*Asks:* 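Below is the structure I would like to discuss, written out as structure tokens.
Naming: A, B, ... by sequence-line order, numbering from 1 per chain. Predicted model, so just to flag it, every value in this text is computed and none were measured. The figures that follow rest on heavy atoms only: side chains count, while hydrogens, waters and symmetry mates do not.
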Amino acid sequence: MSWTDERVELLKKLWSDGLSASQIAAELGGITRNAVIGKVHRLGLSGRAKSPTSSAPRPRKARSSGHMIRVQRPQVRGNTALAYDYEVEPEPELLEIPLEQRKTLLQLNEKTCRWPVGDPSGPDFFFCGGEAAEDQPYCSFHCRVAYQPANDRRRQKPAFRG
DNA sequence: CCCTGATTCGC
DNA sequence: GCGAATCAGG
């Protein structure tokens, strides 16, 4: 493979979009990340706008409800097969939890809804914190969400009440 | 060990 | 100009 005008343009676009060199290499195909990096330098666009110092892992969806469906999408990079995790948000309204109601693990007790929201290893993890229903670990809303068959969730769409 | 970009240097 | 090898780092 060679650097045709077309491939260079695509490289510029993907690079400015913040994709990593190896991701771009996979996108272009028949090329290694070294080739991409080398080309990027030769083109003089090495410094990127929004490149965090840390090796930012796979871009994820901003939020996770903590009850997302994990999906694996296989990807071939060079001669290596990789599998990335993606997450699907089944119920956006689960995030409609008032900020002042949300609780950390240490703030939970028998009377608070212990429904987890978000990635437990991330900074945005919290528990619902609403008033737990009688003899239940969750508030009435999350009881319905938790005990309802997954296929029925879309049909009912209960309004969140804490 | 996974990944990231940066650099070098023979081709 | 190209990119594998290598380096430095998270």
Side-chain angles (χ1 to χ4, degrees), chain A residues 1-109 112-130 137-138 142 145-146 148-151 153-154 160:
Chain A
M1 271 307 203
S2 60
W3 287 111
T4 61
D5 288 351
E6 209 173 67
R7 289 163 66 81
V8 171
E9 286 309 307
L10 185 52
L11 165 64
K12 287 180 183 174
K13 179 188 181 300
L14 297 176
W15 182 259
S16 62
D17 282 352
L19 273 76
S20 74
S22 54
Q23 286 176 312
I24 296 172
E27 199 75 24
L28 290 171
I31 211 176
T32 67
R33 71 180 202 94
N34 283 313
V36 169
I37 293 173
K39 187 60 176 175
V40 161
H41 277 255
R42 266 172 260 125
L43 289 171
L45 28 86
S46 122
R48 255 197 301 201
K50 193 195 168 187
S51 182
T53 12
S54 62
S55 53
R58 245 42 71 234
R60 304 225 150 172
K61 294 303 179 188
R63 275 291 169 90
S64 160
S65 74
H67 298 272
M68 290 186 159
I69 304 161
R70 288 189 88 68
V71 177
Q72 280 214 327
R73 190 178 76 176
Q75 194 175 95
V76 176
R77 178 182 292 173
N79 55 7
T80 307
L82 301 174
Y84 291 125
D85 282 334
Y86 285 84
E87 290 180 329
V88 174
E89 173 59 86
E91 288 293 330
E93 65 265 29
L94 292 181
L95 293 175
E96 296 172 8
I97 297 174
L99 282 170
E100 62 274 17
Q101 177 190 295
R102 301 178 181 190
K103 287 188 164 46
T104 68
L105 180 61
L106 294 178
Q107 295 171 320
L108 295 177
N109 61 42
T112 59
C113 177
R114 280 151 274 169
W115 185 268
V117 182
D119 180 355
S121 64
D124 296 330
F125 182 65
F126 63 89
F127 292 89
C128 167
Y138 309 127
H142 284 128
V145 173
Q148 191 178 101
N151 289 343
R153 289 184 194 172
R154 177 172 296 282
F160 180 74

*Asks:* In whole angstrom, give the distance that lies between atom CD1 of A/Ile31 and atom C1' of C/dG1.
*Replies:*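 Checked: the CD1 to C1' distance equals 12 Å.
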*Asks:* Compare side-chain N and O positions of A/Lys39 against OP1 and OP2 of C/dC2 and report whether any pair is under 4.0 Å apart.
*Replies:*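 Indeed, a polar side-chain atom of A/Lys39 lies that close.
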*Asks:* As a quick check of understanding, evaluate side chain to side chain contact (heavy atoms under 4.5 Å, CB included) for A/Arg7 and A/Thr4, giving each step before the final call.
*Replies:* CA-CA 5 Å; A/Arg7 289 163 66 81; A/Thr4 61; 3.3 Å; yes
*Asks:* With a 4.0 Å limit, can you tell me whether A/Ser20 has a side-chain N or O closer than that to the phosphate oxygens OP1/OP2 of B/dC3?
*Replies:*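 Answer no for this pair, as no side-chain N or O of A/Ser20 is under 4.0 Å from OP1 or OP2.
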*Asks:* Ignoring backbone atoms, establish whether A/His41 has a side-chain N or O less than 4.0 Å from OP1 or OP2 of B/dT7.
*Replies:*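 A/His41 to B/dT7 OP1/OP2: side-chain N or O found under 4.0 Å.
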*Asks:* Figure out the CG/P separation between A/Asn34 and C/dC7, and round it to whole Å.
*Replies:*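 For the pair A/Asn34 CG and C/dC7 P, the rounded distance is 13 Å.
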*Asks:* For A/Arg33 and A/Met1, take the nucleotide of DNA chain C holding the closest heavy atom to each; which residue's nucleotide lies nearer the 5' end?
*Replies:*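 Per heavy-atom nearest nucleotide, the more 5' residue is A/Met1.
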*Asks:* Does OP1 or OP2 of C/dG3 have a side-chain N or O of A/Thr32 closer than 4.0 Å?
*Replies:*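 So the side-chain polar atoms of A/Thr32 never come under 4.0 Å of the phosphate oxygens OP1 or OP2 of C/dG3.
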*Asks:* Look at the side chain of A/Arg42 against the base of C/dG3 and say whether a donor-acceptor pair falls under 3.5 Å; ignore hydrogens and angles.
*Replies:*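 Donor-acceptor pair under 3.5 Å: yes.
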*Asks:* Let me know the distance between CZ of A/Arg7 and P of C/dG1, rounded to the nearest Å.
*Replies:*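 Checked: the CZ to P distance equals 18 Å.
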*Asks:* Using atom CG of A/Leu45 as one end and atom C1' of B/dA6 as the other, report the distance to the nearest whole Å.
*Replies:*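 In whole Å, B/dA6 C1' and A/Leu45 CG are 14 Å from each other.
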*Asks:* Please report the distance, rounded to the nearest Å, between CG in A/Leu19 and P in B/dT4.
*Replies:*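 Going from CG in A/Leu19 over to P in B/dT4 covers 10 Å.
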*Asks:* Between A/Phe127 and A/Thr104, what is the shortest heavy-atom contact and its length?
*Replies:*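 So the two residues come closest at CD1-C, 3.9 Å.
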*Asks:* Run A/Trp3 and A/Leu43 through side chain to side chain contact (heavy atoms under 4.5 Å, CB included) and show every step you take.
*Replies:* CA-CA 12 Å; A/Trp3 287 111; A/Leu43 289 171; over 6 Å; no
*Asks:* Can you check whether A/Trp3 has a side-chain N or O nearer than 4.0 Å to OP1 or OP2 of C/dG3?
*Replies:*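 It does, given that an N or O in the side chain of A/Trp3 lies less than 4.0 Å from OP1 or OP2 of C/dG3.
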*Asks:* To the nearest Å, how far apart are A/Ile37 CD1 and B/dG5 P?
*Replies:*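 Going from CD1 in A/Ile37 over to P in B/dG5 covers 5 Å.
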*Asks:* Taking all non-hydrogen atoms of both residues into account, name the closest pair between A/Glu27 and A/Leu14 and its distance.
*Replies:*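 Here A/Glu27 and A/Leu14 meet closest at CG-CD1, 3.6 Å.
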